[in-house]
Amino acid sequence: QQAMGQQQQQHHALGQQPQQQRRAATDSPPTQLHLDVVVFKEDGAFVARAPLTVSASITLGELKEAIAVNTKGALPPSRQCLRYLGQVLSAPDEVLLVGLLGTMQQVTLTLSIINA
C-alpha cells in the first residue's frame with residue numbers, strides 16, 4: 001500500500017511537470033509575431049490578405065519594408081497606412097512593433113493603400 005502511494009505521488013509529480021513547462025513557455029515573450037495583414041484600397045475596397053511572420057523585435061519601418069518585399073514591391077512603405085484596432089500606427093519608423101501592439105503572438109493589421 002505504501003509503494004502504491006509512492007507511485008501515485010511520483011505519477012502526480014510527473015503529471016505536473018509538463019504543465020509547469022507549458023506555463024513557463026507561455027510566460028516568456030514571443031520571438032516571432034504572426035501578422036495577418038488585410039489590405040484595402042483608400043476607397044475601402046478589399047484587395048487581399050497577406051499573412052506574414054516577422055521577428056518580435058522588428059521596428060515599424062522594418063515591418064513596412066517586409067510588407068514591401070512580401071508584395072514584390074507593389075506596396076512600398078510610402079503607400080502603406082497601417083492600422084491596429086482602428087488606430088493608425090503613426091509612430092516613427094524606429095519604434096519597436098511590440099511597443100505599439102504589446103506582446104501578442106497573433107495580430108491582425110489593416111493596411112490601406114495610399115495613392116501617391
Give a yes or no on whether the backbone of Leu111 and the side-chain of Gln80 come within a donor-acceptor separation of less than 3.5 Å.
no
Please say which of Leu97, Leu100, Leu63 ends up in a side-chain contact (heavy atoms from CB on, under 4.5 Å) with Leu82.
Leu63
Would Val39 and Leu101 show up in the same hydrophobic cluster when neighbours are defined by side-chain heavy atoms closer than 4.5 Å?
yes
Could you go through Ser55 and Gln32, starting from their C-alpha distance and side-chain angles, then the distance that decides it, and tell me whether this counts as side chain to side chain contact (heavy atoms under 4.5 Å, CB included)?
CA-CA 4 Å; Ser55 166; Gln32 291 187 325; 5.9 Å; no
In the single-linkage hydrophobic clustering (I, L, V, M, F, W, Y; side-chain heavy atoms under 4.5 Å), do Val95 and Val54 co-cluster?
yes
Could you tell me which non-hydrogen atom of Glu94 sits nearest to which non-hydrogen atom of Thr59, and how far apart they are?
O-CG2, 3.5 Å
Would you say Ile58 and Leu35 are hydrophobically clustered, going by side-chain heavy atoms of ILVMFWY under 4.5 Å?
yes
Heavy-atom side-chain contact between Tyr84 and Val107 under 4.5 Å:
yes
Taking the side chain as everything from C-beta on, heavy atoms only, tell me whether Ser112 gets closer than 4.5 Å to Arg83.
yes
So, for Ser57 and Leu96, which heavy atoms are closest and what is the spacing to 0.1 Å?
O-CD2, 3.2 Å
Gln106 atom CD, over 12 foreign heavy atoms within 6.0 Å
yes
Can you see which heavy atom on Ala91 is nearest to which on Leu60, and at what distance?
O-CD2, 3.4 Å
For residues Ile114 and Cys81, report the shortest heavy-atom separation together with the two atoms involved.
CD1-CB, 3.7 Å
Using side-chain heavy atoms (C-beta onward) and a distance below 4.5 Å, is Glu65 in contact with Pro77?
yes
Donor-acceptor contact below 3.5 Å, side chain Arg49 vs main chain Val38
no
Let me check something: do Val37 and Phe46 share a hydrophobic cluster, defined by ILVMFWY side-chain heavy atoms less than 4.5 Å apart, either directly or through other members?
no
Starting from the C-alpha separation in whole Å, work towards a yes-or-no answer on side chain to side chain contact (heavy atoms under 4.5 Å, CB included) for Leu75 and Ile113.
CA-CA 7 Å; Leu75 293 175; Ile113 302 170; 3.6 Å; yes
After noting the C-alpha distance and the side-chain angles of Phe40 and Val47, does the key distance pass the side chain to side chain contact (heavy atoms under 4.5 Å, CB included) rule?
CA-CA 5 Å; Phe40 293 91; Val47 175; 5.6 Å; no
Identify the two heavy atoms, one from Ala56 and one from Val98, that lie closest to each other, and give their separation to 0.1 Å.
O-CG1, 3.2 Å
Same cluster for Leu109 and Val69 if Ile/Leu/Val/Met/Phe/Trp/Tyr side chains link at under 4.5 Å?
no
